[in-house]
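First comes the structure, then the notes that go with it.
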Amino acid sequence: MKSYNSIEERIDILQSRIEAYQDEIETLETEPKNNNERIIFKFIETGSTGKTKDFVRELGIKSPRDSLYSSGDVSKLIKDGASDISPALLEIARALASARNKNGPAC
């Protein structure tokens with residue numbers, strides 16, 4: 001564990017983590033406002049572009065190319081975002097996608 005200059009410094013760091021967790025919880029408790037947010041929520045829930053693609057196909061939602069959704073479309077939505085997706089929600093999805101890419105599938 002890293003050493004700190006003071007207990008107050010450690011407390012400040014922990015407080016900022018608590019605030020970040022509270023913000024993330026608040027974001028995840030919000031109902032999706034549109035299909036793009038539903039897709040992002042499903043990716044966050046499953047951590048899988050394949051499972052998210054299957055979910056989107058079951059809903060009958062077409063991709064921007066006007067065809068069935070693919071895993072690549074899910075990845076593109078996460079990477080590029082969309083104007084109708086909450087920036088905080090997109091940030092969570094990108095962090096999850098980045099962690100999975102670096103560490104492989106979560107067990």
Side-chain angles (χ1 to χ4, degrees):
M1 180 181 274
K2 176 185 182 273
S3 62
Y4 299 92
N5 294 326
S6 68
I7 293 296
E8 289 78 18
E9 179 186 7
R10 178 70 177 149
I11 291 169
D12 288 343
I13 290 168
L14 292 172
Q15 287 289 5
S16 67
R17 287 183 189 168
I18 289 170
E19 290 169 14
Y21 290 142
Q22 288 172 332
D23 290 345
E24 185 170 339
I25 289 168
E26 186 176 310
T27 298
L28 294 173
E29 287 179 334
T30 306
E31 290 294 321
K33 296 175 183 72
N34 52 60
N35 284 335
N36 280 337
E37 285 195 354
R38 288 173 75 188
I39 293 167
I40 297 298
F41 268 106
K42 191 62 169 182
F43 173 75
I44 292 169
E45 180 181 310
T46 65
S48 166
T49 57
K51 289 178 183 175
T52 303
K53 167 209 49 148
D54 293 341
F55 167 77
V56 175
R57 286 184 177 186
E58 286 175 15
L59 295 177
I61 299 170
K62 297 279 185 157
S63 77
R65 299 172 291 114
D66 199 35
S67 63
L68 291 176
Y69 246 84
S70 69
S71 294
D73 291 321
V74 175
S75 294
K76 184 171 176 26
L77 181 61
I78 294 165
K79 180 181 175 196
D80 296 346
S83 61
D84 60 349
I85 300 173
S86 154
L89 185 62
L90 206 49
E91 184 180 325
I92 294 167
R94 286 176 178 157
L96 177 61
S98 176
R100 288 185 55 77
N101 288 340
K102 289 178 186 168
N103 301 321
C107 295

statement: Exactly one candidate in Leu28, Ile92, Thr27 meets side-chain contact (heavy atoms from CB on, under 4.5 Å) with Phe41; the answer is Leu28

field: Residue from Asp12, Ile13, Ile11 passing side-chain contact (heavy atoms from CB on, under 4.5 Å) with Glu9
entry: Ile13

- request: Go through the steps to decide whether Ser70 and Arg65 satisfy the test side chain to side chain contact (heavy atoms under 4.5 Å, CB included), and finish with yes or no.
  value: CA-CA 10 Å; Ser70 69; Arg65 299 172 291 114; 3.9 Å; yes

Nearest-0.5 Å distance that lies between atom [atom1] in [X] and atom [atom2] in [Y]:
X	Y	atom1	atom2	value
Glu31	Lys33	CD	NZ	9.5 Å
Ile61	Arg38	CD1	CZ	5.5 Å
Glu24	Glu19	CD	CD	14.0 Å
Ile39	Leu77	CD1	CG	6.0 Å
Glu91	Arg94	CD	CZ	9.0 Å
Asp54	Arg57	CG	CZ	7.0 Å

message: With a 4.0 Å cut-off on N to O distance, would you call Lys62 and Asp66 a salt bridge?
response: no

query: Does Lys42 pair with Glu45 as a salt bridge, N-O distance under 4.0 Å?
result: yes

Which atom names give the shortest non-hydrogen contact between [X] and [Y], and what distance separates them?
X	Y	answer
Tyr69	Pro64	OH-CD, 4.1 Å
Ile78	Ala97	CG2-CB, 4.3 Å
Leu90	Ala82	CD2-N, 4.4 Å
Glu37	Asp84	OE2-O, 3.5 Å

- prompt: Under 4.5 Å between side-chain heavy atoms, hopping through other hydrophobics if needed: is there a path connecting Leu68 to Phe55?
  reply: no

